[in-house]
There are 2 protein chains.
Amino acid sequence: MTANLAIDLDRSSPVPLYFQVAEQIAEAIRRGDLVPGSRLDNEILLADKLGLSRPTIRQAIQYLVDKGLLVRKRGVGTQVVHGQVKRSVELTSLYDDLRRSGQEPATQVLALEPRPVSEEIAAVLGVEPGAEVLYLERLRFAAGEPLAVLHNWLPLGLAQLTAADLEGRGLYELLRGAGVRMRVANQRIGARAANQAEAKLLDERRGAPLLTMLRTTYDDQGRAVEHGSHVYRASLYSLEVTLIER
Amino acid sequence: MTANLAIDLDRSSPVPLYFQVAEQIAEAIRRGDLVPGSRLDNEILLADKLGLSRPTIRQAIQYLVDKGLLVRKRGVGTQVVHGQVKRSVELTSLYDDLRRSGQEPATQVLALEPRPVSEEIAAVLGVEPGAEVLYLERLRFAAGEPLAVLHNWLPLGLAQLTAADLEGRGLYELLRGAGVRMRVANQRIGARAANQAEAKLLDERRGAPLLTMLRTTYDDQGRAVEHGSHVYRASLYSLEVTLIER
DNA sequence: TCGCGAGATTTGTCAGGACATTCTGACCTG
DNA sequence: CAGGTCAGAATGTCCTGACAAATCTCGCGA
């Protein structure tokens with residue numbers, strides 16, 4: 001059963017046509033106009049209906065396949081994925097995640113200063129050992145409860161960060177606003193027991209389980225732009241990751 | 001400085017040309033023939049050199065950009081990324097990961113039997129509540145130490161699994177061997193304290209921090225093929241995830 | 001009735017061309 | 001000397017056209 005979806009195209013818009021198509025198909029899926037399992041029209045028919053060429057339609061569909069919303073099979077067709085697969089993980093910060101889920105994040109800046117780096121951090125950031133980098137320590141709250149202690153190291157000169165900025169917005173948002181284009185992040189996720197200091201900050205008992213995350217983020221050019229070492233209260237937070245095999 | 005790389009094409013091979021090109025560029029990067037930061041020839045020149053069309057070259061390059069090996073910038077060119085970005089995460093099981101890092105995994109099967117599902121599991125697997133599914137419980141060792149307790153639920157009829165199979169190989173490998181094509185996995189990673197039973201199995205104290213993972217894996221068609229609830233000894237294991245923004 | 005093969009359907013791969021957009025760097029101007 | 005402007009170079013988008021490969025369906029024959 002091929003669903004009949006209406007797609008408006010604006011050829012005068014700077015938004016690429018394939019992207020307009022992809023967005024509107026995705027929206028139809030979110031709205032429920034395209035139910036899981038339903039088949040899309042075939043590429044040639046779709047192209048014909050919209051007055052576009054097949055490569056453009058293919059590009060739109062490929063984009064959605066990469067995001068995990070659609071499945072293609074040769075000789076069969078293109079179908080909407082069953083099950084509510086969540087959006088693929090993006091390079092977002094905890095702050096963005098919390099705000100999106102309506103949890104009213106708040107931040108207390110505990111430290112914000114240039115500081116000479118340890119050898120280990122220098123290695124991951126790719127700077128000279130002993131050079132100064134911006135050290136940042138924050139306590140993050142959600143819904144009034146302490147949620148995480150965040151430690152970050154950033155190369156100097158990337159962005160002018162003030163404590164006021166950091167209390168109102170997330171680090172990633174600020175970096176993006178400063179023109180930093182983050183592209184790849186490597187995360188190591190583990191767990192351990194809280195030590196005394198952490199327990200006090202997070203309002204937990206010593207020994208309480210914490211989720212830990214080490215993350216290094218690289219930009220466009222593969223230069224490290226941020227390294228973070230964070231601990232989360234396991235009782236209040238968990239991470240979600242979606243993997244898509246191509 | 002545009003590196004001079006030799007690429008052989010086999011037009012009689014069933015392997016797509018774009019893939020042949022991509023593989024050989026990736027190999028040149030791994031070998032070090034293409035050093036980080038070096039620019040590739042532009043697309044038109046490359047296409048000309050190899051006797052291919054520009055779309056084919058673009059497809060090859062796009063493939064490597066998606067894998068995080070190359071970076072493209074309009075008006076500038078295509079460069080090899082700086083820094084050693086790890087391979088993107090794949091749909092592998094703990095067993096594969098361990099064997100790849102040479103840790104000699106071993107498995108003890110604690111349970112393997114059809115069992116009626118709870119309402120919750122039925123919902124994530126997309127089967128009727130109360131229907132029978134294959135229940136699987138395993139204790140995984142690495143280097144002689146207990147490492148994780150693995151619980152899995154699988155729809156019946158996917159594969160004929162025996163305890164002997166499961167002791168010698170990983171679940172994912174067995175499923176793949178049975179023709180199951182896994183494509184998307186959704187993971188939720190958290191942490192909590194070990195209870196008495198877990199502590200005993202894993203040779204830890206009660207209350208020791210454990211890394212927890214809930215995973216649901218879907219196939220080609222978006223049908224759930226596996227749901228797992230696993231706990232790992234945080235002192236011995238952590239998860240690594242690489243994110244690439246497109 | 002059941003199995004198998006031919007044909008139809010659909011996506012996968014590849015070619016070649018055209019124009020738009022963006023970035024860099026050199027040049028010109030005040 | 002500083003700043004803006006413009007040309008060149010590279011990727012981004014979009015088009016048309018063609019054939020290959022995988023899959024499903026239906027009809028035919030045993």
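Note that the structure is predicted; figures quoted are calculated from it, not measured. Lettering follows sequence order; numbering is per chain, from 1.
The separation between B:D41 atom CG and D:dA9 atom C1' is 14 Å, rounded to whole Å. Whole-Å rounding puts the A:R72 CZ to C:dT13 P distance at 9 Å. Atom CG in B:L70 sits roughly 12 Å away from atom P in D:dG12 (whole-Å rounding). The distance from atom CD1 of B:I57 to atom C1' of C:dC14 is 11 Å, rounded to the nearest whole Å. Rounded to whole Å, the distance from CG on A:L46 to P on C:dT9 is 17 Å. For the pair A:L45 CG and C:dT11 C1', the interatomic distance rounds to 14 Å; values are reported in whole Å. Taking atom CG of residue A:L52 and atom P of nucleotide D:dT13, one finds them 14 Å apart after rounding to whole Å. The nearest whole Å value for the distance from the OH atom in B:Y63 to the P atom in C:dC14 is 14 Å.
One finds a side-chain N or O of B:Y18 lying less than 4.0 angstrom from the OP1 or OP2 phosphate oxygen of C:dT13. Contact check, A:T78 against C:dT11: a side-chain N or O comes under 4.0 Å of OP1 or OP2.
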Query raised in the report: How does protein reach along nucleotides 17-24 of chain D, written 5' to 3' as B (base within reach of a heavy atom under 4.0 Å), S (only sugar-phosphate), or - (no contact)?
Result: -B--BBB-
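Checking D:dT11, D:dC15, C:dT13 against every side-chain atom of A:S53, the shortest atom distance belongs to D:dC15. Closest approach to the A:E43 side chain among D:dA10, C:dC14, C:dG12 is made by C:dG12 (side chain taken as heavy atoms from C-beta onward). When each of C:dT10, D:dC15, D:dT13 is scored by its nearest atom to the side-chain atoms of A:R11, the top-ranked nucleotide is D:dC15.
Salt bridge present: A:R30 and A:E27 bring a charged side-chain N and a carboxylate O closer than 4.0 Å. Taking the charged nitrogens against the carboxylate oxygens, A:E43 and A:R58 do have a contact shorter than 4.0 Å, which makes a salt bridge.
A:Y218 OH to A:N186 CG: the interatomic distance, rounded to the nearest 0.5 Å, is 6.0 Å. The line from CD of B:E226 to CZ of B:R215 is 5.5 Å long, rounded to the nearest 0.5 Å.
Nucleic acid contact class of B:T56 (heavy atoms, under 4.0 Å, all strands): sugar-phosphate only.
Between the side chain of B:Q20 and the backbone N or O of B:D10, at least one donor-acceptor pair lies under 3.5 Å.
Counted by atom type alone, B:T107 and B:R138 present zero donor-acceptor pairs between their side chains at under 3.5 Å. A donor-acceptor contact closer than 3.5 angstrom links the side chains of A:R72 and A:Q62.
Where A:P16 and B:I61 meet DNA chain D, the nucleotide closest to each residue was compared, and B:I61 sits on the side nearer the 5' end. Both B:Q59 and A:P14 lie close to DNA chain C; mapped to their nearest nucleotides by heavy-atom distance, the more 5′-ward contact belongs to B:Q59.
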